[in-house]
Amino acid sequence: MRPDLFSPAGSAGYRAATNPHNATVAQRPAMVAHPRTADEVAHAVRWAAQRNLTVAVQASGHGAGAPIESDRLLVDTSGLNAVHIDANARVARVGAGATWAAVNALAERHGLLGLAGTSPTVAVAGYTFGGGVGFLTRPHGMASSALLAVDYVDGDGRIRRAPEDAANAIDREALWAFRGGGGVGVATALTVELIAPQQLWAGYRLWSVDALGPVVDAWATAMDEIGAALSTSLSVLHPPAGSPAFPPALQGVPVVHLAFASPQGADAAGPLLRALRMAPPPAVDSSWAPADAARLAQIHLDPPNPVPALGVGRWLGPGAPDVAADALDVAAAVDSPVAVVELRNVGNDAPARDGAMTAVPGPFLLHAVGLATDDASRSRTEDGLSKVRTATTPADIGRSAASFADGRAAVADGLDQPGLQRLGRIRAALDPDQRLAPSRLVATIT
Ligand SMILES: Cc1cc2nc3c(=O)[nH]c(=O)nc-3n(C[C@H](O)[C@H](O)[C@H](O)COP(=O)(O)OP(=O)(O)OC[C@H]3O[C@@H](n4cnc5c(N)ncnc54)[C@H](O)[C@@H]3O)c2cc1C
């Protein structure tokens, strides 16, 4: 094995790997492994078993939140970052540490795109295993449904492959679990289907928070009229200090942000742009225009640097536009502990493959997030998030969107009960000693 496969506390490799994008919970594993091959992942899992350590896995750390203490080996998959595009088959084979920016920079050379989320630095792996919704979801469905196969290592350190036609039933079950069920095992590579956008368009607008009411009205009106191509994200957010995307007048104050995109050309935004004529002119109009993958990954204005974030994600029903104003208003005060309240329209009729969560449970997604730098700020943020939950209760369908529960170790209602039970059975079969730390989705062990 490579001498630098493992790095101990105090080393540069250890420090880099334990500095996740979500910095809410300090990570202090016994050791960090930096595999570059599936063999090295398998070796790391067996190495952990010999020392009675459990194995946590991390690509980018956007989903960090579970404690990682000295009873764990942290497998840092960022070195598993090879990307190969098969343009004829419209498929990408992606290392488990690859980011969406890396995949789509290559895919678009062939006129193709993967079903990325809003942030370029999120890894394909955790995003897809959590379901994966982005600006291409409306016509093309969830990223989990585009997952064709997973190469992975099980809890006993065995290298396995999970395509739809796997000879072994448990590998077919594993693919079901990787498709939106948080996954089982340590993935080493993913095979994902790519789409060919007809004409990718994207844009965003920013207003001072005074415009919240009319902008929400315009967005809600448009929701009844837009077709199946336009995805939107409407939020009130507190800009990170010094962010160049925000002009001086919008620094240090809550801002209304509306981002929208379509892979089917300009006309998709017609109803929204018409409705917005009734709202005040925006302070920033980052034009609705043809876009490439980099531009698509920029319109949501996600923070590029690590943030100690605590969030909540919920699937909402068709009543979401009716509760939007009250929900977004929670972040509208300068001193609100909630730094972002966001609503996305994600409803779609795209066909979905079989998986734990391959179709959106509700037509709208709520995401709210604040800072959790210490106990006091965590408590203030929790209070603010519960106000958002109260405001959205009439539209809530009773399911968490676990990927958006930033900074949390566990989410109980990310799948329905039969789904959680099936996930529990698959985990038990592939990891009988519970060597591998589970994803945030709490499976039911029967
Ligand atoms: C700024 C930001 C923007 C986001 N935007 C979106 C969005 O638009 N749409 C959306 O759906 N989600 C979005 N998310 C949520 C994101 O999808 C989750 O945080 C996801 O878990 C990140 O995956 P990761 O691999 O990058 O993160 P990591 O923190 O590295 O991994 C998260 C979890 O994924 C699992 N995992 C990762 N790698 C492996 C592996 N090799 N084998 C097995 N399990 C693995 C593990 O359970 C791990 O704990 C966003 C998050 C942030 C912080």
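Atoms within a ligand are numbered from 1 in the order they appear, just like the ligands themselves.
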Please tabulate, line by line, the atom pairs linking an N/O of ligand 1 to a protein N/O at a distance below 3.5 Å, with the distance in Å to 0.1, or answer 'none'.
from: ligand 1; atom 1: 5 (N); to: Thr118; atom 2: OG1; distance (Å): 3.2
from: ligand 1; atom 1: 8 (O); to: Thr118; atom 2: N; distance (Å): 2.9
from: ligand 1; atom 1: 8 (O); to: Thr118; atom 2: OG1; distance (Å): 3.2
from: ligand 1; atom 1: 8 (O); to: Val133; atom 2: O; distance (Å): 3.2
from: ligand 1; atom 1: 8 (O); to: Arg344; atom 2: NH1; distance (Å): 3.1
from: ligand 1; atom 1: 8 (O); to: Arg344; atom 2: NH2; distance (Å): 3.2
from: ligand 1; atom 1: 9 (N); to: Val133; atom 2: O; distance (Å): 2.6
from: ligand 1; atom 1: 11 (O); to: Val133; atom 2: N; distance (Å): 3.0
from: ligand 1; atom 1: 19 (O); to: His62; atom 2: O; distance (Å): 3.4
from: ligand 1; atom 1: 19 (O); to: Gly63; atom 2: N; distance (Å): 3.4
from: ligand 1; atom 1: 23 (O); to: Tyr127; atom 2: N; distance (Å): 3.3
from: ligand 1; atom 1: 25 (O); to: Gly126; atom 2: N; distance (Å): 3.1
from: ligand 1; atom 1: 26 (O); to: Ser60; atom 2: OG; distance (Å): 2.4
from: ligand 1; atom 1: 26 (O); to: Ala123; atom 2: N; distance (Å): 2.8
from: ligand 1; atom 1: 27 (O); to: Ser60; atom 2: OG; distance (Å): 3.3
from: ligand 1; atom 1: 29 (O); to: Gly61; atom 2: N; distance (Å): 3.3
from: ligand 1; atom 1: 29 (O); to: His62; atom 2: N; distance (Å): 3.3
from: ligand 1; atom 1: 29 (O); to: Gly63; atom 2: N; distance (Å): 2.8
from: ligand 1; atom 1: 30 (O); to: Ala59; atom 2: N; distance (Å): 2.6
from: ligand 1; atom 1: 30 (O); to: Ser60; atom 2: N; distance (Å): 2.9
from: ligand 1; atom 1: 30 (O); to: Gly61; atom 2: N; distance (Å): 2.9
from: ligand 1; atom 1: 41 (N); to: Ala187; atom 2: O; distance (Å): 3.0
from: ligand 1; atom 1: 42 (N); to: Ala187; atom 2: N; distance (Å): 2.8

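Among all heavy-atom pairs drawn from Pro163 and Ala149, the shortest one is CA-CB, 3.8 Å.
Side chains of Thr188 and Asp151: a donor-acceptor N/O pair is absent below 3.5 angstrom, by distance only. Under 3.5 Å, the side chains of Ser386 and Asp383 contain no donor-acceptor pair of N or O atoms.
With a 6.0 Å cutoff to the six-membered ring centre and a 45° limit on the axis angle, Arg51 counts as a cation-pi contact of Trp47.
The only member of Thr121, Asp406, Asp302, Asn22 that meets side chain to side chain donor-acceptor pair (under 3.5 Å) when paired with His62 is Thr121.
Between Arg314 and Asp413 a salt bridge is recorded (basic side-chain N to carboxylate O distance below 4.0 Å).
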